[in-house]
Amino acid sequence: MFANKHSITMLFNANKVYDRQIIEGIGSYLQSSKADWDLYLEEDFMARLDHLDEWSGDGIIADYDNPEIQVALQKAKVPVVGVGGSYRNPEDYPDVPYVATDNFELVNAAFQHLRQKGIQRFAFYGAPVDEHHRWAQERENAMLELTAKEGYECYVYRGHPVRPETWQYTIKRLADWLKSLPTPIGIVAVTDARARHLLQVCDHIGMLIPDRMAVVGIDDDEIARFLSRVSLSSVKQGCFEMGFQSAKFLHKILQGYKGPKRPILVPPERVAERQSTDFKAIADPHVMQAMHFIRQNACRGIKVDQVLDYVGVSRSNLENRFKDERGHSIHTEIHNEKLLKACKMLRETDESTAQIAKICGYPSLQYMYAVFKKHYQKTPIEYRESMKPASSEVELEMVKTIL
């Protein structure tokens, strides 16, 4: 038999993927538990604090990155669970049960991803200091701590707030900063939105990504991912798990749980690796140019001649350079890029094999089948099936608690 029904309000400005995934996690907990709740959320997904003291519900799950929400709930007469960013200083946590994205581990995941690529120079593109974005300062401090510990210098730029009337000025100052950096370099951006600024400016000033600048963001936001020609690598936060744990925490409180108010830290899920960090240590500038062109155009059916036209050197010259740097021909590089794209789509999408063959620039589905048979001794469908996780695979524990 279900317990008595409770009325719960969710205070989130759910116009971002971060908030929506938290709400999705809350919903998932309700479906998998015996919590019988009526959930209140504004129809336009905005958090309104007017007359909050008149609300006669039983509990609240709220965005505690928002200082106005924190202030409004200081005298709340019902249990409150806060959701927000983590802090290195334990005294900075609010005095409520709290579930946090682990800001230090988010940045560490991005930093280690760049290090594994062989990058030896690092920068951080943050955000101006703002009480609504305290997580940005936490991530900046994490980057400085991590690089200092490993003996690296870190170049930091916070930039300017994004406003239509100052956008051109903001972009010009960002371009100046990027031009001042030594290369090659890996840049961690505080969010995907800020990472997109980097990709746009690098495109404008002719800075090759990832050959000169490898960029990784935080959020794995689909919108940011598709708004630039170079696909963005990004750290995926454990937002769904944050929502699940916050609902579980509140459910226990409503059942009489009186345990310590220790913050629950949720680590990142993974680094979604894409073109912006596909860094390979290449010394030859002509090969670097060719690689950039191939990455951008391989799936459009380009031939070796088009690569030569772009770089502006003879075939024998560039072929020799390629064999010295890459160990194979220009044609093989184009072929490998198309094959990598096809494999990625087979693993990560439900697109038909015919559509994948078309997107990846193969002249026919039969041709793609022949390529897969040659490289993997499997058809594309067999490859897709072999990449699916086994049903017995055990999920890793996603939550750690500050002791």
Side-chain angles (χ1 to χ4, degrees), residues 17 21 24-25 28 32 105 109-110 112-118 192 210 214 216-217 219-222 225-226 230-241 244 267-281 291 294-302 322 326-399:
V17 64
Q21 289 177 355
E24 185 181 350
S28 177
S32 63
E105 289 303 324
Q112 297 303 336
H113 174 67
L114 293 172
R115 285 190 72 199
Q116 288 166 9
K117 295 292 183 178
D192 281 358
V216 57
D219 282 335
D220 197 28
D221 187 341
E222 281 197 7
R225 200 162 78 223
F226 292 116
V230 175
S231 58
L232 176 66
S233 296
S234 184
V235 182
K236 184 174 179 62
Q237 299 193 61
C239 304
F240 181 92
E241 186 69 16
F244 190 94
E269 287 187 17
R270 61 189 174 89
V271 177
E273 181 178 352
R274 302 186 182 93
Q275 288 176 318
S276 69
T277 56
D278 186 21
F279 176 81
K280 299 175 179 68
M291 290 286 294
I294 291 169
R295 270 194 297 265
Q296 297 296 309
N297 299 285
C299 294
R300 297 177 181 176
I302 60 168
F322 244 85
R326 305 289 291 145
H328 54 242
S329 68
I330 304 168
H331 173 79
T332 299
E333 190 69 38
I334 297 171
H335 167 82
N336 290 347
E337 191 68 27
K338 291 163 67 173
L339 183 58
L340 285 172
K341 173 75 171 180
C343 289
K344 182 178 177 64
M345 292 191 70
L346 287 167
R347 291 194 307 268
E348 300 179 5
T349 77
D350 296 322
E351 290 281 3
S352 68
T353 52
Q355 185 65 13
I356 290 173
K358 183 178 179 181
I359 291 171
C360 295
Y362 289 108
S364 67
L365 177 59
Q366 290 76 14
Y367 190 93
M368 186 174 81
Y369 264 70
V371 169
F372 269 79
K373 274 289 189 178
K374 179 180 178 180
H375 283 267
Y376 302 112
Q377 292 75 54
K378 297 175 182 177
T379 68
I381 292 175
E382 289 168 344
Y383 175 87
R384 173 176 269 167
E385 289 299 317
S386 71
M387 291 296 108
K388 290 182 179 178
S391 58
S392 60
E393 194 173 81
V394 180
E395 293 186 358
L396 295 174
E397 179 64 37
M398 290 296 295
V399 180

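What you see below is based on every heavy atom in this structure, not just the backbone, and it leaves out hydrogens, waters and symmetry mates. Positions are given from 1, in the same order as the sequence printed here.
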Compare every heavy atom of [Y] with every heavy atom of [X], then report the nearest pair and how far apart it is.
X: Q377; Y: K374; result: NE2-O, 3.2 Å
X: V216; Y: A110; result: CG1-CB, 3.7 Å
X: P268; Y: A109; result: CG-CB, 4.2 Å
X: S234; Y: D192; result: OG-OD1, 2.7 Å
X: A214; Y: T277; result: CB-CA, 4.2 Å

Q: With sequence neighbours excluded, tell me which residues meet ring-ring contact (aromatic ring centres under 6.0 Å, His included) with H375.
A: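 Once residues adjacent in sequence are excluded, the partners of H375 under the ring-ring contact (aromatic ring centres under 6.0 Å, His included) criterion are H335.
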
In chain order, what residues pass the side-chain contact (heavy atoms from CB on, under 4.5 Å) check against [X], with sequence neighbours excluded?
X: Q112; value: N108, R115, Q116
X: K378; value: Y376, E382, S386
X: R347; value: C343, K344, Y383, M387
X: A357; value: Y362, L365, M368

Q. Which is it for I334 and N297 under the side chain to side chain contact (heavy atoms under 4.5 Å, CB included) test, yes or no, and what are the steps along the way?
A. CA-CA 9 Å; I334 297 171; N297 299 285; over 6 Å; no

Q: Mind checking salt bridge (charged side-chain N to carboxylate O under 4.0 Å, His left out) for R384 and listing every partner two or more places apart, or none if nothing turns up?
A: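 Counting only residues at least two positions away or on another chain, R384 forms no salt bridge (charged side-chain N to carboxylate O under 4.0 Å, His left out).
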
Can you confirm whether [X] sits close enough to [Y] that some side-chain heavy atom of one is under 4.5 Å from a side-chain heavy atom of the other?
X: I381; Y: F372; value: no
X: D220; Y: Q237; value: no
X: E24; Y: C239; value: no

Q | Rounded distance [0.5 Å steps], OG in S233 versus CD in Q275 | A |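 Separation between the atoms: 9.0 Å.
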
Q: Any chance you could measure S352, atom OG, to I359, atom CD1, to the nearest 0.5 Å?
A: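 Separation between the atoms: 8.0 Å.
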
